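Step one of this worksheet: look at the structure below.
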Amino acid sequence: MLTGYVNMKIYLGHYNFKEIEKKWQEYWEKTKIYQAVDNPRKDNKFYLLVMFAYPSGDIHMGHFRNYIIGDAIARQQMIAGKDVLHPFGWDAFGLPAERAAIQRKIHPQEWTLKNISVSRSTLQKVGISFDWSREVTSCLPDYYKWTQWMFIQLYKKGLAYRKRGYINWCPEDKTVLANEQVKDGKCERCGTPVIKKNQEQWYFKITAYADRLIDDLDNLPEWPDNVKTMQKEWIGRSYGAEVDFIIEDTGEKLPVFTTRPDTIFGVTFMAIAPEAEILNHLHLEGEFKEKVERYKQKAMARSEIERTALTEEKDGVFTGKYAINPFNNEKVQLWVADYVLAGYGTGAVMAVPAHDTRDFAFAKKYGIPIKVVIHPDENSSLNSNEMSDAYTDYGPMVNSGQFNGLKGKEAIEKVTEYAHQNGFGRQKVNYKLKDWSISRQRYWGCPIPIIHCDKCGVIPVPENDLPVVLPKVENYIPRGRSPLEDAPEFINATCPQCGGEAKRDPDTMDTFVCSSWYYLRYTDPKNDKAPFDKSKASNWMPIDLYIGGITHATGHLIYFRFFHKFLKDIGWVDTPEPALRLFNHGMVLDAKGEVMSKSKGNVISPITLMDEHGVDVTRLAMYFTAPSDKEVLWSNDSLTGVEKFALNKFYPLIKKYCQTKPNLKQYFNRKDLTEAEWKLYVKLNQTIQKVSDSFDKLQFNTAIAALMELVRDYDTTDIKNDNFNDYLILKAIKLAAPMIPHMAEEMWRKAGFTDSIFKKTGWPNYDPKAIVEDEIEIAVQINGKLRDTIKVAVDANQNEVETIALNSKRVQSFIAEKQIIKKIFVKGRILNLVVK
RNA sequence: GCGAGAGUGGUGAAAUUGGUAGACACGCUGGAUUUAGGAUCCAGUGCCGUAAGGCAUGGGGGUUCAAAUCCCCCCUUUCGCACCA
C-alpha cells in the first residue's frame, strides 16, 4: 500500500522551503486568515498579546523567540476553533529611536518609520500570525491623539497634576527619568549616574491606586509569583503610625512615620532629609545655619549611588534645634542626615538607636544617647552600654510609662490608639511607590496636551482640538530643555479659555504612557471618534495570555494595570485587570552566555538562519533548545537534530498518506485494529496528551520530543489499515502545525484539503481509553533498590504482580534465605519487597 | 544585607509532582553503505568494575518501604530590591 523505501537525498530536495514558505505566506495574507473579527463569541475568544516592540533596527533573536512562542499558541488556538486576536504594533516614540537618529543624522521620524517597515516585512517572512490590519504605531497622530485623550481624562479626575520637586535627571540624555528608569543610581538607558534636580513636572497619581494594585494581584493566579512579589515590593505598602512631634521653638508640628510606635519612648533624636521641606521652617541660626547649608549642598551634589551605598558611613549635622516627643515631653535633638529619604513618609524620621540599626550607628558616631525601651522577653534585658548593635525584634516595652509590658502587635495598637485619642497621632499606611513622573524634556515623544496661559493658568487642550501634533522640527537635539520650546509654530498658542496668547507645554510624555493602553486600541485600531469602541473592547478583553520579558515587571506591567483600573473607573472597560495570564520568556544569549550586541560582534541574526535553513527549522530549533521561560545560550548546533527530524522524518510522512480522508473526530475501537496498530494508536494518544500539556505550559521542547517519539515508533510495515494510517498522519501534522506552520500547511494540502489547517480544523483530543498500554513494565525493588523489571497487564493486582515477581530468578536471588517483612505495591508503578 | 528562583551525563535538557533518574536531542565510539562526505543507516554511550555488583541529581545530615522531588544546615549561582524608618 505504501510507497516503500524513499531515497532521502531526493526527499530533501523536495522540501523547497523558500518556495513553500512564500506560497503559504501569500495565501494566508490573501485569504486574511489572521484577521480577527470584531465580535467574537465571548466564551470562544482568545486574545493573545505579545509586548509591542521598539523599532530599533531589524528584529533580533530575542524578538524572534518572543514572537514564535506567541505564534505557536495563537495557531494552536486557531486550530482549536477559537476566535483569535493576535495583534502587533510599535512602541515608536522614545529615547533609543531619538538617540539612534541623532547618531545617524536622520530625523527620528524617518528613522523610526523605516525601521518599522523593515521589521514588519521580516516578521511577515517569519510567518508570525499577526493580524496586520490592526497594527498600531504609537508615534503616529491617529494613535497619540488618544494618548493625549488619556492624559486629559486623568487630568479631569485630578490624577494628572503638576508639582515642583526633586527629580531624577540624566545629564547625558538631558531629561527626567521615572524611578523605574533608574537602576543602581544610573540611567537605565545610558548608564550615566543620575543627579537630583529641582523642577516642575507632570505626574500621574498612581499612588491613588496603590492598594488596588497590590490587592488585586491575589486575583491573578496565572501570573508568575516572582512578578507579583516584585510588584508588591515595589509598591512597598507598610502599616504604621504617624506621630506629630513639636518643634520646640515654633510650636510647629513635625509629623513622622513609623512602623514601630512601640519604640516611641526610645526616641533620642530626629533625622531630617537634606531635601526636606520642613528644614526651611526651622529658622536656623548662626553657625548651625551655615553647617546645615553646607551639608545640604554636599548631600545634593553626591550621586544617588554614593548616597545609597550601604558601606558608606552615615553622617549628618546637628541643627541646634529640638523637638518635643508628645508621649513624654522629652526634648530630642534635630539632625539633618542624608540616610533619610526625602520622598518617603514625611522626609523626617524619629530615631530610636536602641532598636534600629541605622539609628544605632548614627548615635554611636555622634555620641547621642541610646535608650532601651524594648527587652527581648520578660526574663532578659538589655543594657545600652553593652549593646554592639540595635535590638530590632519585638518584645515587651520598658521605660515606657503606662505601656510597660505590652509587646508586639498589641503594643503598637495601644500606642497608636493613645496618640489618636490625644490628637497627636494616627494610623497611617505608607508606600514606597511614588507618583509617576511623566514629563520628558525631549523631542521624540507624545506632546502633553496642555496650554499655559498667563491669565487662566493651566488649561487642557479641548478634546476636539486633539491631537496636538508633534511638529517636524530640524533641531531636535536635547539641550536640557525641551526642543519644542524653541519651535515657535508649536509653542505659541491661543488660550482655549480666554483666547489670549499662551504657550503650549513644551514637554513630551514618557513612552510608558503610550504603552499603557495600546492593547485596547488593537480591539478597534481605526476608530477616529474614540480611543476604542467600548463594546469592541469588551468583546475581546481581558487578554488571555500576555507574553513578554521579565524586565517589565515593575515598570510597564504596573503602569498598564494602573491605566486599566483607571479606565474601568471611568467606565471604558469592564474587567478589573487587563491580563489573565502573564508569561515571561527567557532571554537569548550567545553560546558563552553573553548578551548579543553589535559592539561585541557576537550577533547571530535569525534572518540569516532562516535564509539557510528555512523558517520552520529555525523555529523548531529555538523551541527545542529549552523551555520558553528559560534563557537560551544560542548555538547554531541547535539546528542539527531538529533539521534532520523535520526534513527527513516528519515531512516524508505525507508520502505515506493514502488519501482515505479519515474522520478525525472518531476514536478507534480496539477490535478494529491489529495489535500493532492499537499499540501505535495508544502512542498517538499519549502524544496528543503530551503535546497538549506541553502547549499549556509553553514547553515546546517536550512537545517536540513527544512528536519525535511518535514518528520513531511509526512503522508502516505494521499498518494494514490505510484509514488508521491517514488518521495518525493527519493528527501528527496538526500537533506540529503551530510550531512548523509552513511545512504543516503544505502537508495538509498534499493530503487533499482545500482549506487552511489553521482554519478551525479542530485541535486533537486524546482518546481516554487509549492512553495506557495493555502491558506495562513495572519495577521490582528489594529494600528500595531496583532489582528487576517485569511485564504485567496494566490492571494487574498485587497478587498477580507478586507471583510474577517472585518467579523472577533475579528477584529470587535477592530474597533467598531472607524473610519478606513488608510489601509495598503501587499499581502500574512498582512493587517494593522489604526483606530481612 | 533582604527576598525569590536555580544547581541533574561531555552538552541542551526530561522526569506522570514521593514511585524504574537521564525521555528527546547534540556530541562521542564502533560498524554498514558510499568514488567521497560534515549525507544516510545500525549499535553503544552516567561513573567505577572483566563480571557479580557498587556508586550517582552542588555538599552534609534527616524523614520514608521509596527522595532530583519533602525538612534542616552549608556552598555556588541568577534575578529583583537595596538606608522605605
Side-chain angles (χ1 to χ4, degrees), chain A residues 7-9 11-12 183-185 224-234 236-238 240 256-260 263 270-271 307-312 314 337-341 343-352 355-359 361-362 392 430-434 550-551 553-554 591 593 621 624-627 629-635 637-642 644-645 648 686 689-690 693 699 701-709 712 771 776-790 813 821-835:
Chain A
N7 185 323
M8 294 305 167
K9 264 186 186 167
Y11 230 97
L12 288 173
K183 289 262 143 56
D184 297 325
D225 286 334
N226 60 342
V227 172
K228 289 193 275 190
T229 308
M230 278 160 74
Q231 293 204 352
K232 274 183 194 163
E233 283 174 4
W234 186 266
R237 177 165 61 191
S238 53
V256 292
F257 174 72
T258 178
T259 53
R260 293 297 302 275
T263 64
M270 307 265 293
R307 277 186 60 178
T308 56
L310 270 173
T311 47
E312 196 80 358
K314 310 206 176 319
D338 72 356
Y339 75 89
V340 180
L341 302 174
Y344 183 78
T346 60
V349 299
M350 57 176 231
V352 185
H355 305 294
D356 181 283
T357 317
R358 298 154 297 183
D359 301 344
F362 195 86
T392 57
N430 245 318
Y431 305 89
K432 289 191 208 173
L433 182 73
K434 304 206 180 54
I550 185 73
T551 44
T554 53
F624 190 58
T625 300
D629 55 352
K630 250 193 108 167
E631 69 180 18
V632 160
L633 305 189
W634 180 262
S635 142
D637 297 345
S638 307
L639 289 155
T640 315
V642 292
K644 280 196 261 183
F645 170 70
N648 298 348
Q686 289 172 336
Q689 190 183 30
K690 271 193 208 159
D693 283 354
Q699 276 194 19
N701 56 334
T702 47
I704 294 165
L707 282 165
M708 285 172 165
E709 283 188 59
R712 177 196 66 194
I771 272 301
I776 52 167
E777 259 194 358
I778 79 161
V780 182
Q781 296 181 341
I782 313 290
N783 291 345
K785 291 200 166 154
L786 180 71
R787 292 306 181 193
D788 204 1
T789 57
I790 56 174
S813 75
I821 54 172
K822 198 165 177 186
K823 303 168 189 168
I824 290 111
F825 177 68
V826 182
K827 196 170 171 187
R829 296 249 163 264
I830 60 146
L831 172 69
N832 187 7
L833 302 173
V834 185
V835 300

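Since this is a predicted model, take the numbers as computed values, not measurements. Note on naming: letters A, B, ... go to the chains in the order of the sequence lines (proteins, then strands), and numbering restarts at 1 for each one.
- The separation between A:I821 atom CD1 and B:rU64 atom C1' is 14 Å, rounded to whole Å.
- Under the rule for a ring-ring contact (aromatic ring centres under 6.0 Å, His included), the partners of A:F362 that lie at least two apart in sequence or sit in another chain are A:F269, A:W335, A:Y339, A:Y366.
- Going from the C1' atom of B:rC70 to that of B:rU57 covers 16 Å, rounded to whole Å.
- With sequence neighbours excluded, no residue forms a salt bridge (Lys or Arg N to Asp or Glu O under 4.0 Å) with A:K644.
- Remark: the separation of the P atoms in B:rC73 and B:rG10 is 30 Å, to the nearest Å.
- By the 4.5 Å heavy-atom criterion applied to side chains, A:Y344 and A:K432 are counted as neighbours.
- We find that CD of A:E233 is positioned 12 Å from P of B:rG5, with the value rounded to whole Å.
- For A:V349, the side chain to side chain contact (heavy atoms under 4.5 Å, CB included) partners at least two apart in sequence or on another chain are A:A271, A:V340.
- In this structure, A:K644 atom NZ and B:rA25 atom C1' are separated by 9 Å, rounded to whole Å.
- Legend: residues meeting side-chain hydrogen bond (donor to acceptor under 3.5 Å, both in side chains) with A:Q699, ordered by chain and number and at least two apart, are absent.
- With sequence neighbours excluded, the residues forming a side chain to side chain contact (heavy atoms under 4.5 Å, CB included) with A:E233 are A:T229, listed by chain and number.
- Between the CD1 atom of A:I550 and the C1' atom of B:rC81 there is a distance of 13 Å, given to the nearest Å.
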### Message
Return a single string for nucleotides 45-57 of chain B, one symbol per nucleotide in 5' to 3' order, where B is base contact, S is sugar-phosphate-only contact and - is none, cutoff 4.0 angstrom on heavy atoms.
### Response
--------SSS--
### Message
I need a per-nucleotide contact map over nucleotides 12-24 of chain B, read 5' to 3'. Cutoff is protein heavy atoms under 4.0 Å; write B for the base, S for backbone only, - otherwise.
### Response
BSS-B--BB--BB
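- Among residues two or more places apart in sequence or in another chain, the salt bridge (Lys or Arg N to Asp or Glu O under 4.0 Å) test is passed with A:R260 by A:D262.
- Classified by its glycosidic torsion, B:rU17 falls in the syn category, the angle being within 90° of 0.
- For the pair A:R260 CZ and B:rA85 C1', the interatomic distance rounds to 11 Å; values are reported in whole Å.
- Taking 4.0 angstrom as the limit, A:Y344 places a side-chain polar atom (N or O) nearer than this to OP1 or OP2 of B:rA85.
- With sequence neighbours excluded, the residues forming a side chain to side chain contact (heavy atoms under 4.5 Å, CB included) with A:I776 are A:E773, A:I778, A:V792, A:V794, listed by chain and number.
- Rounded to an integer number of Å, the gap from CD1 of A:I782 to P of B:rA66 is 14 Å.
- When side chains are defined from C-beta on, A:T263 counts as touching A:M350, because their heavy atoms get closer than 4.5 Å.
- In terms of position on RNA chain B, the residue among A:S638 and A:G236 whose nearest nucleotide sits closer to the 5' end is A:S638.
- Nucleic acid contact for A:S635: none, since no nucleic acid atom lies under 4.0 Å from a heavy atom of the residue.
- Rounded to whole Å, the separation between the C1' atoms of B:rA23 and B:rU8 comes to 13 Å.
- One interatomic measurement links the two molecules: CG of A:D356 to C1' of B:rG1, which rounds to 14 Å at whole-angstrom precision.
- Comparing B:rC83 with B:rG12, their C1' atoms are spaced 43 Å from each other, to the whole Å.
- Each of A:L433 and A:D637 was matched to the nucleotide of RNA chain B holding its nearest heavy atom; the match closer to the 5' end belongs to A:D637.
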### Task
Could you go through the side chain to side chain contact (heavy atoms under 4.5 Å, CB included) check for A:M708 and A:V642 one step at a time?
CA-CA 9 Å; A:M708 285 172 165; A:V642 292; 4.3 Å; yes
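- Listed by first residue number, the stems of RNA chain B with at least three Watson-Crick or G-U pairs below 3.5 Å are B:1-7 with B:75-81, B:10-12 with B:24-26, B:27-32 with B:40-45, B:46-48 with B:53-55, B:58-62 with B:70-74.
- With C1' as the reference atom, B:rG37 and B:rG46 are 32 Å apart, rounded to whole Å.
- Comparing the same atom, P, in B:rU35 and in B:rU29 gives a spacing of 24 Å after rounding to whole Å.
- A:T702 is not listed as a side-chain neighbour of A:K690, based on a closest heavy-atom distance of 4.5 Å or more.
- Taking atom C1' on both B:rC55 and B:rC75, the two are 22 Å apart, rounded to the nearest angstrom.
- Rounded to whole Å, atom P of B:rA4 lies 12 Å from atom CG of A:N226.
- B:rA56 and B:rA4: their P atoms are spaced 31 Å apart (whole Å).
- For A:T789, the side chain to side chain contact (heavy atoms under 4.5 Å, CB included) test picks out A:E777, A:L786, with sequence neighbours left out.
- Base orientation at B:rG59 is anti, since its O4'-C1' glycosidic dihedral falls outside 90° of 0.
- For A:K314 against B:rC83, a side-chain-to-base donor-acceptor contact under 3.5 Å is present.
- Under the rule for a side-chain hydrogen bond (donor to acceptor under 3.5 Å, both in side chains), the partners of A:D356 that lie at least two apart in sequence or sit in another chain are A:R358.
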